[in-house]
Enquirer: 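Have a look at this one before I ask anything.
Residue numbers start from 1 in every chain, and the chains themselves are labelled A, B, ... in the order their sequence lines are given, proteins ahead of strands.
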There are 2 protein chains.
Amino acid sequence: MEHLLDLQKRLIPDVLDIMSSRYRILQSLHFLQPIGRRSLSSHLGMTERVLRGEVTFLSQQGLIQMASSGMYLTENGEAIVKALGTVMKNISGLRNMEKQLEEVLGVSKVVIVSGDSDQYATVKNEMGLACVKEIERALGAINIIAVTGGSTLAAVAEMMHPLRKAHQDLLFVSARGGLGERVENQANTICAKMAEKAEGRYHLLHVPDQLSDESYHSLMEEPSIHRVLQHVHRATIIVHGIGDAKTMAIRRHSGEEILKRVDTEHAVAEAFGYFFDQTGRVIHKVQTIGLQWEDLFGAHSVIAVAGGKSKAEAIQAYCKKGPDSVLITDEGAAQEILKNF
Amino acid sequence: MEHLLDLQKRLIPDVLDIMSSRYRILQSLHFLQPIGRRSLSSHLGMTERVLRGEVTFLSQQGLIQMASSGMYLTENGEAIVKALGTVMKNISGLRNMEKQLEEVLGVSKVVIVSGDSDQYATVKNEMGLACVKEIERALGAINIIAVTGGSTLAAVAEMMHPLRKAHQDLLFVSARGGLGERVENQANTICAKMAEKAEGRYHLLHVPDQLSDESYHSLMEEPSIHRVLQHVHRATIIVHGIGDAKTMAIRRHSGEEILKRVDTEHAVAEAFGYFFDQTGRVIHKVQTIGLQWEDLFGAHSVIAVAGGKSKAEAIQAYCKKGPDSVLITDEGAAQEILKNF
DNA sequence: ACTGTGTGGGACATTTTGAGACCTGTATAG
DNA sequence: CTATACAGGTCTCAAAATGTCCCACACAGT
């Protein structure tokens with residue numbers, strides 16, 4: 001069975017927010033006691049009145065106690081702080097980590113789900129769910145959602161659910177052509193599945209991902225492809241994964257030359273056909289029909305999804321110079337990234 | 001470690017209410033889908049507007065889905081219903097049990113904590129905490145709280161915390177004199193401890209619990225004792241335990257005759273010096289200075305605390321003819337009592 | 001002995017939230 | 001085609017949450 005807390009996160013996330021805020025009060029009190037409302041409120045960054053509300057509640061619960069010298073924890077209060085410590089690390093600890101990552105990586109928003117997707121497959125689904133929520137948040141009146149491939153994106157599609165609000169237009173387009181990969185991880189497959197689950201329309205990119213110059217140009221002339229590409233370029237929401245450079249280079253059946261460059265120029269990350277080194281510089285770009293670098297900056301919202309300790313380096317590299325995006329990742333990757341800071 | 005839910009209950013007392021109400025919605029939906037707000041709200045006994053609030057929340061969480069034909073669960077929703085099933089059985093199960101017990105025993109309120117205090121000592125503390133909360137609820141402007149002895153009441157004292165609200169007067173008095181028992185289970189010891197933890201005043205009854213006629217009358221004349229007794233008789237809140245008749249008869253060093261009567265007349269329960277048979281009839285009353293039967297009916301609130309499978313029979317007997325009281329017990333006792341119905 | 005600073009707690013205006021009531025357009029079954 | 005049941009929008013009012021200010025008190029340093 002899943003852990004109760006994970007279930008609660010879905011059923012009563014609002015309640016958990018309250019819980020962690022109250023816990024934070026108790027915890028601060030644990031260290032700062034005795035302390036007054038005013039000092040404590042500024043320390044916690046909440047207004048005095050709000051803190052006061054919580055504090056009177058907590059004292060009614062017999063967890064803290066008021067005195068003229070300030071507030072302090074009762075025995076019960078101390079017990080709660082101690083007992084909830086590990087639990088809370090899962091909740092508010094993650095939130096702290098999110099904030100740290102936002103700063104360190106320079107992205108506007110980070111969402112971390114607990115666990116390590118390298119170890120447990122279910123964690124990937126959690127990321128998928130978080131991603132769906134993020135997509136929902138980014139929805140506007142007109143929505144063109146471009147999606148890439150990969151097992152993580154497959155999880156997003158898996159967790160997708162209808163998100164028709166009001167009279168929104170929902171169009172999903174594949175951002176990439178077909179790789180020689182397993183069909184369930186193809187951008188096209190994922191795009192279709194996602195659109196169906198979301199009850200939206202979709203357009204697929206029926207082209208191979210890698211092309212010779214010649215076929216590239218001839219295909220670009222193809223009206224059916226051109227039409228889909230127009231949508232990709234005008235995408236309002238872009239959802240993509242981030243891969244490890246070497247793995248991806250091999251999977252793409254890149255030539256010897258590319259593999260060498262990956263090695264010699266220390267490429268570590270790959271995303272939608274671009275290879276990045278540790279500084280975030282683009283080392284190599286696969287000749288591809290589909291999402292281009294510039295498209296990222298035209299989009300209303302860019303959501304990158306990638307997790308697992310093994311992808312920490314890749315995530316970090318990509319974020320260095322990537323567009324301002326939302327990053328959905330997991331605890332394993334987050335911890336690994338923050339190790340260096 | 002204590003169970004997560006018990007900790008959460010202290011930080012957010014109505015976490016269970018919220019959670020079970022949302023769960024109930026999901027569960028009903030699981031069976032009735034697709035169904036509309038109106039039908040569902042009448043089925044669940046909530047107003048349409050409230051249900052609507054929850055339902056929009058749940059659909060934002062991606063657990064349910066709106067359609068023109070009605071609402072239905074998404075895959076995630078179904079998963080939650082399934083996963084939370086066992087957890088919820090424990091929670092709403094207890095609440096159901098409370099209601100059943102209230103009916104069966106004819107008392108106005110029953111609180112059941114999970115577990116069996118015969119098996120785990122911590123369960124007694126949970127009862128203690130529940131009792132403290134009940135006391136708090138019963139507080140008025142003037143409070144005289146009479147307490148008896150016993151290990152369960154000791155647990156109540158253990159869990160007591162300051163309950164000074166506004167300008168309330170808090171006076172604790174022992175309802176019983178001293179038994180030849182261990183000091184930590186004496187009414188006096190418990191009374192003092194409770195009062196200190198609650199930050200109230202206290203008066204103790206410095207008399208032996210069992211008396212000859214002669215000393216009884218002479219002690220009753222004693223001004224210091226008379227004064228305390230006045231308080232006992234005017235108690236607004238009475239907190240007492242319930243004991244097994246035989247155990248208590250032995251512990252009280254009752255004479256041969258009493259022991260025989262307990263046997264022949266099938267006494268099963270004891271509370272504050274009174275012995276009851278299965279029908280709730282008083283079989284025998286110890287000649288005692290302290291709380292009297294009549295006092296119970298003058299009190300604003302009577303709280304009986306007793307748990308453990310072994311005390312099921314005693315609890316049941318006492319409640320038959322006892323005053324309208326609040327009963328704090330545990331799952332072990334509750335299950336045993338309900339077996340017969 | 002006094003003053004300044006921090007404390008909890010009371011009081012009140014104001015804003016925000018929550019919920020009741022009613023309405024609309026739409027999909028679906030009879 | 002129509003009756004019905006549906007989701008979802010909107011208006012309104014009360015209640016709860018919050019912002020604002022002030023007071024009496026305790027305590028430490030002067």
Enquirer: Phe57(A) has an atom CZ; how far is it from atom P of dA16(D), in whole Å?
Expert: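 It is 16 Å, rounded to the nearest whole Å.
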Enquirer: What is the distance, rounded to the nearest whole Å, between atom CG of Leu51(B) and atom C1' of dC6(D)?
Expert: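 So the CG-C1' distance, Leu51(B) to dC6(D), works out to 13 Å.
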Enquirer: Rounding to an integer number of Å, can you tell me how far Asp14(B) CG sits from dA16(D) P?
Expert: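 Atom CG in Asp14(B) sits about 13 Å away from atom P in dA16(D).
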Enquirer: Which whole-number value in Å describes the distance from Glu54(A) CD to dA16(D) C1'?
Expert: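 My rounded result for the distance is 14 Å.
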Enquirer: Would you call Glu75(B) and Lys197(A) a salt bridge, taking side-chain N to carboxylate O under 4.0 Å as the test?
Expert: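 Salt bridge flag = yes for Lys197(A) with Glu75(B).
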Enquirer: Salt-bridge test for Lys193(B) and Glu158(B): reply yes if a basic N is under 4.0 Å from a carboxylate O, no otherwise.
Expert: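 So Lys193(B) pairs with Glu158(B) through a salt bridge.
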Enquirer: Report the distance from atom NZ of Lys109(B) to atom CG of Asp324(B), rounding to the nearest 0.5 Å.
Expert: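 Interatomic distance, Lys109(B) NZ to Asp324(B) CG, rounded to 0.5 Å: 12.0 Å.
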Enquirer: Taking the side chain of Val50(B) as heavy atoms from C-beta outward, which of dA7(D), dA19(C), dG19(D) is closest to it?
Expert: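 That would be dA19(C).
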Enquirer: Residues in salt bridge (Lys or Arg N to Asp or Glu O under 4.0 Å) with Asp17(A), at least two apart?
Expert: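 Asp17(A): salt bridge (Lys or Arg N to Asp or Glu O under 4.0 Å) contacts with Arg95(A).
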Enquirer: Do Arg22(A)'s NZ or CZ and the ring of Phe57(A) fall within the cation-pi criteria of under 6.0 Å and 45°?
Expert: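 That pair qualifies as a cation-pi contact.
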Enquirer: Would you kindly give the CD1-to-P distance between Ile35(B) and dT28(C), to the nearest whole Å?
Expert: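 The distance from CD1 of Ile35(B) to P of dT28(C) comes to 18 Å, rounded to the nearest Å.
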Enquirer: Base, sugar-phosphate, or nothing: which does Gly53(A) touch, judged by heavy atoms less than 4.0 Å apart?
Expert: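 It contacts nothing in the nucleic acid.
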Enquirer: Can you build the contact string for nucleotides 21-30 of chain D? Use B for base contact, S for sugar-phosphate-only contact, and - for no protein heavy atom under 4.0 Å.
Expert: -----S----
Enquirer: Judged by each residue's nearest nucleotide on DNA chain C, which is more toward the 5′ side, Gly36(A) or Arg49(A)?
Expert: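 Checking each residue's closest nucleotide, the 5'-ward one belongs to Gly36(A).
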Enquirer: Mind calculating the distance between CE (Met71(B)) and P (dC6(D)) to the nearest angstrom?
Expert: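 Whole-Å distance recorded here is 8 Å.
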Enquirer: Taking atom P of dT7(C) as reference, at what distance in whole Å does atom NE2 of His43(A) sit?
Expert: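 My rounded result for the distance is 13 Å.
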Enquirer: Quick one: label Ser39(A) by what it contacts on the DNA or RNA (base, sugar-phosphate, nothing), any heavy atom closer than 4.0 Å.
Expert: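 Answer is sugar-phosphate: Ser39(A) comes under 4.0 Å of backbone atoms only.
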Enquirer: Compare the minimum distances between each of dG19(D), dG8(D), dG8(C) and the side chain of Met66(A), then state the nucleotide with the smallest one.
Expert: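 When the side chain of Met66(A) is considered, dG8(C) is the closest of dG19(D), dG8(D), dG8(C).
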Enquirer: Rounded to the nearest angstrom, tell me the gap between atom CE in Met46(B) and atom P in dG18(C).
Expert: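 Whole-Å distance recorded here is 15 Å.
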Enquirer: For the pair Arg201(A) and Glu196(A), evaluate salt bridge (charged side-chain N to carboxylate O under 4.0 Å, His left out) and give the outcome as yes or no after the intermediate values.
Expert: CA-CA 7 Å; Arg201(A) 297 175 297 130; Glu196(A) 267 164 17; over 6 Å; no
Enquirer: Which heavy-atom pair separates Gln60(B) from Glu136(A) by the least distance, and what is that distance?
Expert: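 Nearest pair, atom of Gln60(B) first, then Glu136(A): O-OE1, 3.8 Å.
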